[in-house]
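Here is the structure we will look at, set down as structure tokens.
Values in this document were obtained by computation on a predicted structure and should not be read as measured data. As a basis for the values below, the full set of heavy atoms in this structure was taken, side chains included, without hydrogen atoms, waters or symmetry mates. Just so you know, ligand 1 is whichever comes first in the structure, and atom 1 is the first atom listed for that ligand.
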Amino acid sequence: MPAARLGRMKVLGFESSCDETGVALVETRPGGVPRLLAEALHSQVDMHAAYGGVVPELASRDHIRRVLPLTRQVLQQAGCALAEVDVVAYTRGPGLAGALLVGAGVAVSLAAALGKPALGVHHLEGHLLSPFLATEAEGGAPEFPFVALLVSGGHTQLMQVDGVGRYTLLGETIDDAAGEAFDKSAKLLGLGYPGGPALARLAERGRPTAFALPRPLLHSPDLDFSFAGLKTAVMTQHRKLGSQPGAGELADLAASAQAAIVDVLVAKSIKALKATHSRRLVVAGGVGANLRLRETLNAGAARLGARVFYPPLALCTDNGAMIALAAALRLQHGLAELQHDGAFDVRPRWPLAELCGESGVTV
Ligand code: KG4
Ligand code: ZN
């Protein structure tokens, strides 16, 4: 981590891009990685579960209900007065427009009331940098450069990360994201929402080789992914099981679907490590919580003499800490476009590519 340009600054961060309201306070440290002082999270998962997916209008309304109590909780936990906050950061995008507007509106209004600047952060940059929140006991933080595998409900990308704000896209999904593949397969098997963790739990009792499912683009010469075909294959196999499949058969299908997703993610990550001659892989985003993915990646990387870094398990899915952290790191590196005028916008569709250079890697 390059030497910081700033002294100690307290950054309050808000995440509200989808179905988690996250608030966190981090403090920059001269010459070091910013420190997490406190964080609080409210997940709306139970509320949306009844509908089988996120209902945007309900998400926005719940963010409004939760955001100020969570903010009070964070400040109290950190023993920090609101007036001591130096910068207020928020997720500017990508995500659900209404949900983003809640976090952005609160953050920018708070900043204006305090006479402090606000800072909009890219949600995926938050995920990308989240392994810097890992303490030594949690495996420690990586050093630059590294390859990052971003695997969330909306994104699947491999990035070359040379420093804060220095990202090169190596490859990405051409259709569904890995998290979507988990969620859609889970839905087909009649599991609840969100499907990823439910499918992973069921898979523990199944045989990963029971069903031969496709591994799309496994041997393609690029670093791209494709998961749409897998969903169809899971649907076909599920139909073949008839109207009353046995518990063992469902567990086998869950384990086989998980294995297919994991195999492709691991193969492409290893390929990216080889192509970039990198010895460090960072995994971020909700699917990074998947234990089979972790085990398989760790083993594959170890064979190359490479190491895999993860955010703390609780910070794999959406949270405010990664947003406050990304803002703090941008500030430290002189890359923050601070807003002083109380105006703001959100970017529901905001390709991370806009923060990236051209891919210079040949695979
Ligand atoms: O990063 P995230 O919280 O939200 C987005 O920005 O999308 O990722 C959520 C995704 C969902 O698709 C969820 O099913 C998946 O991460 N997920 C998992 C696990 N935990 C969360 N997928 C597989 N195994 C898990 N243990
Ligand atoms: Zn996310």
Side-chain angles (χ1 to χ4, degrees), residues 13-22 41-45 48-49 52-54 56 59 90-96 99-100 103 121-131 133 148-157 172-173 176-189 191-204 206 208 225 227 230-231 234 254-255 257-266 282-297 310-323 325-326 347-350 352:
F14 292 95
E15 156 62 29
S16 71
S17 66
C18 190
D19 58 351
E20 331 269 352
T21 320
L41 186 77
H42 176 78
S43 172
Q44 305 176 353
V45 158
H48 296 295
V54 178
Y90 61 94
T91 304
R92 186 175 171 218
L96 301 169
L100 288 167
V121 171
H122 196 293
H123 179 82
L124 293 183
E125 186 172 39
H127 277 303
L128 206 60
L129 299 174
S130 60
L133 290 166
L149 173 69
L150 262 180
V151 269
S152 70
H155 299 87
T156 299
Q157 298 183 324
E172 63 185 332
T173 181
D176 289 354
E180 250 176 310
F182 269 103
D183 293 339
K184 288 178 177 175
S185 301
K187 202 166 188 171
L188 287 168
L189 300 190
L191 304 174
Y193 160 86
L199 189 111
R201 265 194 308 278
L202 181 59
E204 278 170 28
F225 304 88
F227 292 106
L230 181 67
K231 178 189 60 191
V234 170
Q258 176 176 257
I261 300 168
V262 165
D263 280 359
V264 181
L265 291 175
V266 171
V282 156
V283 181
V287 182
N290 187 274
L291 294 180
R292 185 181 166 102
L293 175 65
R294 289 183 172 220
E295 283 165 14
T296 320
L297 266 182
Y310 303 92
L313 205 54
L315 300 180
C316 275
T317 43
D318 293 348
N319 62 84
M322 68 182 193
I323 300 305
L325 173 84
R347 300 276 314 267
R349 291 173 187 277
W350 187 9
L352 186 61

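- Looking only at protein heavy atoms, the nearest one to atom 9 (C) of ligand 1 is Gly153 N, 3.7 Å.
- Between Gly286 and ligand 1, at least one pair of N/O atoms sits closer than 3.5 Å.
- Classified by interplanar angle (parallel below 30°, tilted 30° to 60°, perpendicular above 60°), the ring pair Phe225/Phe227 is parallel.
- The CG atom of Leu297 lies 6.5 Å from the CG atom of Leu149; values are rounded to the nearest 0.5 Å.
- Using cut-offs of 30° and 60° for the angle between ring planes, the His122 and Trp350 rings count as tilted.
- For the Zn ion (ligand 2), the count of nearby protein N, O or S atoms, meaning those under 2.8 Å away, is 3.
- At least one heavy atom of Pro197 sits closer than 4.0 Å to an atom of ligand 1.
- Every atom of ligand 1 with a heavy atom of His127 under 4.0 Å away is listed here by number and element: 1 (O), 6 (O).
- Among protein heavy atoms, the minimum distance from atom 23 (C) of ligand 1 is reached at Asn290 ND2, 3.5 Å.
- The heavy-atom pair separating Gly196 from Asp183 by the smallest distance is N-OD1, 3.0 Å.
- Set against the non-hydrogen atoms of Phe182, the atoms of ligand 1 under 4.0 Å away are 22 (N), 23 (C).
- Distance check, rounded to the nearest 0.5 Å: CG of Leu129 to CG of Leu124 gives 11.0 Å.
- One finds the CD atom of Glu20 at 5.5 Å from the CG atom of Leu41 (value rounded to the nearest 0.5 Å).
- In plain terms, the two heavy atoms of Leu128 and Val282 that are nearest each other are O-CG1, 4.0 Å.
- With respect to Tyr310, the side chain to side chain contact (heavy atoms under 4.5 Å, CB included) criterion is satisfied by exactly one of Val283, Leu293, Leu315: Val283.
- Taking every non-hydrogen atom of Ser152 and a distance limit under 4.0 Å, the qualifying atoms of ligand 1 come out as 1 (O), 5 (C), 6 (O), 7 (O), 8 (O).
- When only interatomic distances are considered, the shortest N/O to N/O separation between Gly179 and ligand 1 falls below 3.5 Å.
- Distance CG/Leu265 to OG1/Thr296: 10.0 Å, rounded to 0.5 Å.
- Within the 4.0 Å heavy-atom criterion, neither part of Glu20 lies near ligand 1.
- Per-residue contacts place Thr317 under 4.0 angstrom from the following atoms of ligand 1 (heavy atoms of the residue considered): 3 (O).
- By heavy-atom distance, the residue among Asp19, Asp183, Leu124, Val54 lying nearest atom 14 (O) of ligand 1 is Asp183.
- Within the 3.5 Å criterion, the main-chain N or O of Pro94 finds no donor-acceptor partner in the side chain of Arg349.
- At a 3.5 angstrom cut-off on N or O pairs, Gly196 counts as close to ligand 1.
- Every side chain to side chain contact (heavy atoms under 4.5 Å, CB included) that Lys231 has, sequence neighbours left out, goes to Asp176, Lys184, Leu188.
- Considering backbone and side-chain atoms alike, Asp318 places an N or O below 3.5 Å from some N or O of ligand 1.
- Of all atoms in ligand 1, listed by their number and element, those nearer than 4.0 Å to a heavy atom of Gly154 are 7 (O).
- Here the straight-line distance linking atom CD1 of Ile261 with atom OG of Ser185 works out to 5.0 Å at 0.5 Å rounding.
- At a 3.5 angstrom cut-off on N or O pairs, His123 counts as close to ligand 1.
- Each of His123, Met322, Glu125, Arg347 was scored for a side chain to side chain contact (heavy atoms under 4.5 Å, CB included) with Thr91, with one residue passing: His123.
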